[in-house]
Amino acid sequence: EAGVTQFPSHSVIEKGQTVTLRCDPISGHDNLYWYRRVMGKEIKFLLHFVKESKQDESGMPNNRFLAERTGGTYSTLKVQPAELEDSGVYFCASSRGLAVQDTQYFGPGTRLTVL
Amino acid sequence: RKEVEQDPGPFNVPEGATVAFNCTYSNSASQSFFWYRQDCRKEPKLLMSVYSSGNEDGRFTAQLNRASQYISLLIRDSKLSDSATYLCVVNALGAGSARQLTFGSGTQLTVLP
């Protein structure tokens with residue numbers, strides 16, 4: 001079974017540009033999560049999809065961040081316009097359900113650098 | 001105050017040593033608890049869930065004390081391959097019954113030959 005995949009693995013952009021990150025969850029996982037780790041900080045929750053619906057977006061830092069999951073399969077996270085403080089590693093995770101035993105499996109992350 | 005606090009280390013131990021990591025959490029509504037392992041520049045991977053009764057998986061033992069809001073991980077007979085960052089992770093219901101994972105900063109372990 002393929003794991004969570006993310007694209008690109010690295011992205012270097014200039015302040016003010018737009019970047020779109022993609023996540024493909026494990027097949028059959030209805031729940032998709034975005035997290036990020038900025039330099040020197042712990043990994044923090046951004047948002048959670050159940051299928052195509054945003055279940056919880058309480059962790060989204062501001063309206064420059066837009067996440068979508070059209071069709072309930074893969075998800076994109078767009079940052080527009082990017083700022084220096086957006087640099088970090090963006091992780092996607094997926095789980096089959098919401099029970100305690102439903103592990104969240106993480107993708108390899110996208111390392112974003114904003115210059 | 002951070003929601004999940006861990007000693008950042010680093011812990012440098014010789015092969016075969018026993019090492020213990022501690023973690024405290026502030027949200028008394030937390031419902032489930034985990035230890036994740038993260039290798040350098042890789043994604044976090046679930047090491048083990050932590051149950052109130054304590055649980056063991058080979059050389060790894062995890063304990064939870066809900067009254068003290070304290071979680072521990074014990075690694076016995078350390079191997080070189082145990083070198084990694086160990087993340088204490090807590091799961092509480094978020095908005096709309098979502099399950100956000102709240103991470104500690106991680107404790108770095110290096111096992112020396």
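A, B, ... follow the sequence lines: proteins, then strands. Residue 1 opens every chain. On a predicted model such as this, the values are computed, not experimentally measured, just so you know.
Highest contact tally toward chain A, considering only B/Pro44, B/Ser32, B/Gly106, is held by B/Pro44 [criterion: heavy-atom pairs under 4.5 Å]. Note: A/Arg111 leads A/Arg111, A/Lys41, A/Arg37 in heavy-atom pairs under 4.5 Å with chain B.
Between B/Gln63 and B/Gly54, the shortest heavy-atom contact is OE1-CA, 3.8 Å. B/Glu43 and A/Phe91 get closest at one heavy-atom pair: CA-CE2, 3.8 Å. B/Pro14 and B/Ser78 make their closest contact through O-CB, 4.3 Å (heavy atoms, listed as atom of the first residue, atom of the second, distance).
Looking at A/Tyr35, the atoms closer than 4.5 Å to chain B (heavy atoms on both sides) all sit in the side chain, from C-beta outward. For chain A, the nearby part of B/Leu46 is the side chain; its heavy atoms alone come within less than 4.5 Å. For B/Gln6, no part lies under 4.5 angstrom from a heavy atom of chain A. Of the atoms belonging to B/Lys2, it is side-chain heavy atoms, and not backbone ones, that fall under 4.5 Å from chain A. Both the backbone and the side chain of B/Ser105 come within contact range of chain A, each with at least one heavy atom under 4.5 Å from a heavy atom of that chain.
Between A/His29 and A/Tyr105, the ring planes lie tilted relative to each other; the angle falls in the 30° to 60° range.
Look at B/Asp39 and B/Lys45 and you find no salt bridge, because none of the NZ, NE, NH1 or NH2 atoms lies under 4.0 Å from a carboxylate O.
Distance check, rounded to the nearest 0.5 Å: CD1 of B/Ile71 to OG1 of B/Thr24 gives 8.5 Å.
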